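Heads up: the structure comes next, in structure tokens.
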Amino acid sequence: MTKRVFVTRQIPVAGLDRIRAETDCVVWPERLPPSPEILIENARGCDGVVTLLSDRIDAAFFDAVGPQLKVVSNFAVGYNNIDVAEANRRGVKVGNTPDVLTDSTADIAVGLLLAAARRMREGLENVVQKEWLTWEPMGFIGQDLKARTLGIVGMGRIGQATARRLHFGWGMKVLYTSRSPRPEVDRELGATRVEFSELLAQSDFVSVHTDLNPQTTHMFNADAFRQMKDTAVFINTARGGVVDQDALHEALSTGQIFSAGLDVTDPEPLPDASPLRAMSNCVILPHIASATVSSRNAMAEIAADNLLAGISDRPLRHQVP
Ligand code: DGY
């Protein structure tokens, strides 16, 4: 019998065409996510769903959609939008899309680091606002990158790819925090695993690559920003919830740190009234780190593989633990 699935957004045809060919599928056509009620309405009675970070999948969702559901295939490497323990308890498999966005995300981390260190937002605004007067010896002076110290918070795949770019490209010394030691990274990059507070105190650049969980929520709070150098640049391409944004705003506006580059915020989009939007030393992107042709196509392929395997009781290509 043909399986029913709901796909909560248009995803690249590299995955969607196969889902369409092999299932009876409904694809949410709008740019904005379906509301929780519409999500449930469409997923009710389905064998599988393809979800995005903006779709909350929790006990209420599982209760409402019914016992037929076998798999939630998340179109993302992160899965903090899904209550995985609840899914496991109900025997629903959860899939994600690791590896294929490692390089694209590390590229954006480095791009943000350059932009925030070299005051590119201020430079761009200066040109757009027609305030460019002349070449100024004292204008737009930023931070050097060469041979500075990089602190990576979370030395997983993306943390390592970012560290490699900055170590081999700019000769940066690498410090990191990680749940477990990474001897292979220590050898390759001459990196050192340190305590969080030491990383904050020593690093010229702090780049966040940890997942969002109860331990990492708001780990960058007022206390953390106070421990950083006043020349430090803070980069977040992981999850907005890792940062207390009021504390970040305070740190940026009082000169506790030099600048920040964010690809993620909490919530997304950042409300118009958020004071961070107006900070010229804060470069903010609309969560685009995985937005390259190959990453998004590969994410769609894996999301399709996970979905089609899950609805047929086969092992997923990438199942989250
Ligand atoms: C992810 O995959 O978790 C990113 O944040 C979006 O691509």
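For ligands, and for the atoms within them, numbers begin at 1 and follow the listed sequence. Computed from a predicted structure; not experimentally measured.
The nearest protein atom to atom 2 (O) of ligand 1, hydrogens excluded, is given as Val77 N, 2.7 Å; this is a heavy-atom distance. Atom 3 (O) of ligand 1 has Arg239 NH2, 2.7 Å as its closest protein atom, hydrogens excluded (heavy atom only).
When side chains are defined from C-beta on, Phe61 counts as touching Ile40, because their heavy atoms get closer than 4.5 Å. When side chains are defined from C-beta on, Leu53 counts as touching Asn74, because their heavy atoms get closer than 4.5 Å.
Each of the atoms 7 (O) of ligand 1 lies under 4.0 Å from some heavy atom of Met299. Close approach to Gly78 involves these atoms of ligand 1, each under 4.0 Å from a residue heavy atom: 1 (C), 2 (O), 3 (O). Listed by atom number, the atoms of ligand 1 under 4.0 Å from Leu53 heavy atoms are 5 (O), 6 (C). Each of the following atoms of ligand 1 lies closer than 4.0 Å to a heavy atom of His287: 4 (C), 5 (O), 6 (C).
The shortest N or O to N or O distance between Ser290 and ligand 1 is below 3.5 Å. Remark: ligand 1 and Leu101 share no N or O pair separated by less than 3.5 Å (distance only, no angle test).
Side-chain atoms of Asn213 and Asn80 include no donor-acceptor pair closer than 3.5 Å. With hydrogens and angles left out, the side-chain atoms of Arg148 and Ser203 include no donor and acceptor closer than 3.5 Å. Under the 3.5 Å distance criterion, with hydrogens and angles disregarded, a donor-acceptor pair is assigned to the side chains of Arg296 and Ser290.
For the side chain to side chain donor-acceptor pair (under 3.5 Å) test with Asp47, the passing option among Gln68, Lys70, Lys3 is Gln68; the others fail.
Residue Asn96 places every heavy atom at 4.0 Å or more from ligand 1.
For Gly156 against Arg182, the heavy-atom pair with the smallest separation is CA-NH2, 4.0 Å.
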